[in-house]
Participant: 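The structure that follows is given in the form of C-alpha cells.
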There are 2 protein chains.
Amino acid sequence: MGVKTVVTIREVARAAEVSIATVSRVFNDSASVTAETSRRVRAAAQRLDYWPHTGARSLTTSRTHAIGVLLPDLFGEFFSEVIRGIDHGARAEQLQILVSSSHAHTDDIVAAARSLRGRIDGLIAMVPEKGSSARVRQIARRFPVVLLNPRQRVEGCASVAISNFDGAFAVVQHLIAIGHYEIAILKGPDGNVDAEERLRGYQEALAAAGLRPRPALEIDGDFTESAGYRGGAALLAGPTRPTAVFACNDYMAIGLLGALNDAGVDVPGDMAVAGFDDIAMARYVSPPLTTVHVDAYELGERAARALISRLQAPQGTRPENAVLPATLVVRSSCGSSQVVAADAREGFTSSRRSRSFRS
Amino acid sequence: MGVKTVVTIREVARAAEVSIATVSRVFNDSASVTAETSRRVRAAAQRLDYWPHTGARSLTTSRTHAIGVLLPDLFGEFFSEVIRGIDHGARAEQLQILVSSSHAHTDDIVAAARSLRGRIDGLIAMVPEKGSSARVRQIARRFPVVLLNPRQRVEGCASVAISNFDGAFAVVQHLIAIGHYEIAILKGPDGNVDAEERLRGYQEALAAAGLRPRPALEIDGDFTESAGYRGGAALLAGPTRPTAVFACNDYMAIGLLGALNDAGVDVPGDMAVAGFDDIAMARYVSPPLTTVHVDAYELGERAARALISRLQAPQGTRPENAVLPATLVVRSSCGSSQVVAADAREGFTSSRRSRSFRS
DNA sequence: TTGTATGCGTTATCAT
DNA sequence: ATGATAACGCATACAA
C-alpha cells in the first residue's frame with residue numbers, strides 16, 4: 001500500500017529456485033526449458049505479480065519496439081488522422097508510438113530526435129522547413145527515418161507524400177472546364193510546403209489552359225477560417241471580382257463561404273468556391289464543398305509500414321518514396337451540373353465516416 | 001555511410017581524456033566541473049556527434065520522463081483533442097507521451113500497461129468497462145495512474161471526468177423550458193459510461209419537471225451518424241411523434257437532421273433537435289445545432305497536470321478527482337427564440353476554432 | 001537443460 | 001575536481 005513494489009527478475013528466480021537466466025528464457029520462450037521448470041517459473045512470476053522491465057530489456061537487445069512521431073502540431077483532423085494511421089500500421093508489428101508535437105523548426109526536430117535516442121527504433125517526422133536535408137541526414141544516421149510530405153527527398157530517408165500539386169491542378173482544371181476563367185486563389189502561409197505546391201498547381205493549371213496569371217487574384221492567407229473570411233471580403237472589395245475561388249484549404253473555404261453569405265453573394269450562382277483537404281465538415285457546410293480529398297489516415301499508415309520495412313530490411317536497401325494521390329471531390333459549391341455529384345455516393349447509410357465518435 | 005555509428009559516453013571520455021564519470025557530470029551539469037574540462041568534453045562530444053542514450057539513463061535514474069496514454073480509440077475529434085491537451089500539459093514538464101489505442105477491454109489495458117513498465121513514469125488511461133477497479137489498482141501499484149471519465153473512482157487513482165449527467169440534464173431542461181413535453185432520446189451504445197450518464201440526465205430532467213417517462217421515446221443508438229438517421233426514421237414511423245429529440249451525441253444528431261430533412265420535417269419548426277459534444281461541425285450543419293459543449297482538450301490537459309502533480313507529490317498524498325462542466329450551447333436547432341443564440345458570440349472573426357488546420 | 005558471468009550505456013557512491 | 005567501480009534489470013555466450 002502506497003509503496004511501489006518493484007519485483008525484478010531476480011526475486012522471481014529466487015522464488016522459483018532457478019537462475020535468472022532461466023527466468024529470462026521462460027519469458028522469451030527462447031531456448032529449451034523443461035515444462036516443469038517453466039511452470040514453476042510462471043507460477044512464481046504470477047504469485048509475485050512480476051512485470052518485466054521493458055526499458056532494461058531493450059538496453060541489452062537494442063530494440064525498443066517503439067517508434068517516434070514528430071509533428072509540427074496536433075490540432076485538427078489532419079494530424080489526428082495521421083496519428084491514427086500510424087497507430088494502426090504500427091499495431092501490426094506490436095510497436096508502441098511516442099508522439100511529440102510543436103516541432104516546426106528543424107533545430108527543434110533534431111533536438112527532439114536526440115532526446116529519443118535509446119527509446120525508439122525509428123522515426124516518422126514531418127519537417128516543413130527548407131534546407132533541412134543535412135540535419136535530417138544527421139538524424140538518419142542514428143535510426144531509420146520516414147519523412148512525411150518532405151520538401152525534397154533526403155538521401156537515405158524513406159518518405160510518403162501527398163500530391164498537392166496534382167490535387168490543386170485538378171480542382172482548377174475542373175473550374176476551367178465548367179466555364180470559369182477569372183479564378184482567384186486564397187493562398188496558404190508563406191513557407192508552407194503544401195501551400196506552395198497548391199499554388200503551383202493552380203498556376204500551372206491556368207497556364208495549361210492558356211489563361212494568363214493575375215497577381216491581383218492571388219490573395220494571401222494562412223489556412224485559418226478567419227483568413228478565408230478576410231480574403232472573401234478583400235475579393236469583393238477589389239477591382240476585378242472573380243467568378244470562382246480556389247481556397248488552399250477547407251477551413252479558408254468555409255470562412256470564405258461565410259463572407260460571401262454575409263455579403264449576399266450566392267454560391268455557386270454568383271461565385272464558385274472550392275477547397276482542399278476534404279475535412280469531415282466539408283459535406284455539411286452549405287452548399288456542400290467541392291474540394292480535394294486527402295487521405296491523412298493512409299499517409300500515416302503508409303509511413304508506419306515504410307518504417308517497419310526499413311527496420312527489417314538489410315542495410316543498404318533503398319528506401320521507398322511514395323506519393324499518395326489527392327483526388328477531386330465534386331459537391332455543389334461550384335455548381336458543376338454536368339458532373340455527377342459526389343454526394344450521390346455519400347448517403348447517410350454509407351459506412352464512410354460513420355464510425356463511432358467516442359467508442 | 002549506411003552503418004549506424006554508436007558513439008557512447010565512453011568514446012567521448014576517451015576523446016576528451018577524462019573519465020566517463022566526468023562526461024556524465026558535464027551532461028547533467030550536476031557536480032562541479034572545471035570550465036576547462038567541461039569545454040573539452042563538450043568539444044569532444046560535438047566532434048563525435050554524441051547523443052546520450054536516454055534508455056540507459058533512465059535505467060539508473062528510474063525516471064523515464066515519459067507518460068503513457070491508453071485510449072479505446074483514436075478516431076474523431078474527441079480523442080484527438082484529449083491527446084492534444086495531454087501533450088500540451090506534458091510539454092510544460094518536458095514529458096514525452098507514449099500513446100496506444102484500441103484498448104477497450106480491461107484485460108487489454110492491463111496488458112498494455114504491463115508492456116509499458118520501465119518506459120513510463122505514469123499513466124493516463126480511459127477504462128470504460130465495469131468492474132475493473134481491482135485490475136486498475138493492480139496497475140496503480142506500479143506507477144501513478146490518472147483515469148479519464150472513470151465509471152467509478154478507484155482508490156489511489158486520480159481522475160478527471162466530464163459531467164455528462166449535468167450536461168444532459170441541462171439540455172433537456174432547456175427543451176422543457178421552451179415548451180416541449182414530448183421529448184425523445186437517441187441513446188448511445190449499451191455499456192458506454194457516457195451514454196448511460198446522459199440517459200440518466202435525460203430521465204431525471206423529465207422527472208424533475210413532473211413529466212412521466214415514455215419508454216417508446218427512448219430509441220437505441222450507437223453514437224454513429226447512421227444510427228441517428230435510422231432513429232429519426234423510426235421516430236417518424238412510430239405511434240407518437242415527439243416534438244423534440246435529444247441525441248446523445250452530435251454525430252447522431254446530424255444523422256437525425258438528415259432523416260428529418262429527407263422526410264420534409266422542418267427543424268426546429270416541426271421538431272427540435274439537440275446533440276451532445278459540440279463537435280466542430282455542429283455550428284455548420286443546418287440548422288446550427290444546439291448541443292452541450294465538452295472540452296476534450298481541457299480533459300486531457302487536466303489529466304496531464306494531475307499526473308504530474310502525482311509524480312511530484314510525496315507518497316500518500318490523496319489523489320485529486322476533478323469533474324469538468326459540460327455546458328449548454330444554444331444555437332438554432334431547437335428554435336428557442338427567447339434565449340440569446342450562442343452564434344451571436346461566434347463570428348468568423350472570433351478566435352475560437354480559428355487556429356491553423358495544418359501548421 | 002541449466003547456471004555463471006559479461007555487457008548494454010548510463011548514473012551514483014565512493015575514493016582520491 | 002576527478003576517477004574507479006558498483007549498480008540499474010535484463011539477455012546471452014559460454015560452460016557445465
Side-chain angles (χ1 to χ4, degrees), chain A residues 4-42 44-45 48-66 114-121 142-143, chain B residues 4-42 44-45 48-66 114-121 142-143:
Chain A
K4 311 274 187 258
T5 31
V6 274
V7 179
T8 73
I9 198 173
R10 225 174 302 273
E11 359 270 335
V12 177
R14 189 174 318 151
E17 298 180 301
V18 294
S19 73
I20 62 168
T22 301
V23 177
S24 173
R25 282 191 271 258
V26 168
F27 274 84
N28 300 300
D29 44 36
S30 56
S32 38
V33 182
T34 313
E36 163 57 15
T37 32
S38 171
R39 199 197 51 69
R40 270 218 325 279
V41 169
R42 289 189 189 283
L48 296 175
D49 194 21
Y50 166 62
W51 289 22
H53 191 293
T54 324
R57 170 178 301 177
S58 65
L59 188 56
T60 61
T61 60
S62 63
R63 270 294 212 166
T64 63
H65 298 282
R114 226 179 119 102
S115 80
L116 256 29
R117 154 94 210 272
R119 31 181 28 154
I120 60 173
D121 294 333
R142 287 317 191 303
F143 26 66
Chain B
K4 312 274 187 254
T5 31
V6 274
V7 179
T8 74
I9 199 174
R10 223 173 301 273
E11 0 269 336
V12 177
R14 190 173 317 152
E17 297 180 300
V18 293
S19 72
I20 59 171
T22 300
V23 178
S24 174
R25 282 191 271 259
V26 169
F27 275 84
N28 300 301
D29 43 36
S30 55
S32 39
V33 181
T34 312
E36 162 58 14
T37 32
S38 172
R39 200 197 50 70
R40 268 219 325 278
V41 168
R42 290 188 188 283
L48 297 174
D49 195 21
Y50 166 62
W51 289 21
H53 191 293
T54 324
R57 169 178 308 184
S58 65
L59 186 57
T60 61
T61 60
S62 62
R63 270 293 211 167
T64 64
H65 298 282
R114 225 180 120 103
S115 80
L116 255 30
R117 155 94 209 275
R119 30 181 30 154
I120 59 173
D121 294 333
R142 286 318 189 303
F143 27 66

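Residue numbers start from 1 in every chain, and the chains themselves are labelled A, B, ... in the order their sequence lines are given, proteins ahead of strands. On a predicted model such as this, the values are computed, not experimentally measured, just so you know.
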Participant: For a quick check of understanding: with a heavy-atom distance under 4.0 Å over all strands, which category does T8(A) fall into, base, sugar-phosphate or nothing?
Facilitator: sugar-phosphate
Participant: Under 4.0 Å, counting only non-hydrogen atoms across every strand here, what does Y50(A) touch: a base, just sugar-phosphate, or nothing?
Facilitator: sugar-phosphate
Participant: Could you pull out the protein-nucleic contacts involving nucleotides 13-16 of chain C (nitrogen or oxygen on both sides, under 3.5 Å)?
Facilitator:
none

Participant: If you check every side-chain atom of A56(A), which of dT10(C), dG9(D), dT12(D) has the closest atom?
Facilitator: dG9(D)
Participant: Between R57(B) and dG9(C), does any side-chain N or O lie under 4.0 Å from OP1 or OP2?
Facilitator: no
Participant: Closest approach to the side chain of P52(A), judged atom by atom: which nucleotide of dC10(D), dA12(C), dG3(D) is it?
Facilitator: dC10(D)
Participant: So does T60(A) get a side-chain nitrogen or oxygen closer than 4.0 Å to the phosphate oxygens (OP1/OP2) of dC8(C)?
Facilitator: no
Participant: I9(A) CD1 to dT2(C) C1': how many Å, rounded?
Facilitator: 14 Å
Participant: Under the criterion side-chain contact (heavy atoms from CB on, under 4.5 Å), which of I120(B), D121(B), T64(B) is the partner of F143(B)?
Facilitator: I120(B)
Participant: Check whether any side-chain nitrogen or oxygen of S24(B) sits under 4.0 Å from OP1 or OP2 of dT11(C), and answer yes or no.
Facilitator: yes
Participant: In this structure, how many angstroms lie between the P atom of dA12(C) and the CZ atom of F27(B), rounded?
Facilitator: 15 Å
Participant: Would you tell me if any nitrogen or oxygen in the side chain of T34(A) comes within less than 4.0 Å of OP1 or OP2 on dT2(C)?
Facilitator: yes
Participant: Starting at atom CZ of R10(A), determine the distance to atom P of dA5(C), rounded to an integer number of angstrom.
Facilitator: 13 Å
Participant: Of the nucleotides dG9(D), dT2(C), dA7(D), which one has an atom closest to the side chain of T22(A)?
Facilitator: dT2(C)
Participant: Name the residue closer to the 5' end of DNA chain D, choosing between V18(B) and R117(B) according to the nucleotide with the nearest heavy atom.
Facilitator: V18(B)
Participant: Write down the distance between CG (L59(A)) and C1' (dC8(C)), rounded to a whole number of angstrom.
Facilitator: 4 Å
Participant: In whole angstrom, give the distance that lies between atom CD of E17(B) and atom C1' of dA4(D).
Facilitator: 18 Å
Participant: Write down the distance between CZ (R14(A)) and C1' (dG3(C)), rounded to a whole number of angstrom.
Facilitator: 16 Å
Participant: With a non-hydrogen cut-off below 4.0 angstrom, is T37(A) in contact with a base, only sugar-phosphate, or nothing?
Facilitator: sugar-phosphate
Participant: Grab the CG-P distance between N28(A) and dG9(D) for me, whole Å please.
Facilitator: 17 Å
Participant: Round to a whole Å and report the spacing from CD1 of I20(A) to P of dC14(D).
Facilitator: 18 Å
Participant: For the side chain of T61(B), counting heavy atoms from C-beta on, which of dT10(C), dC10(D), dA12(C) is nearest?
Facilitator: dA12(C)
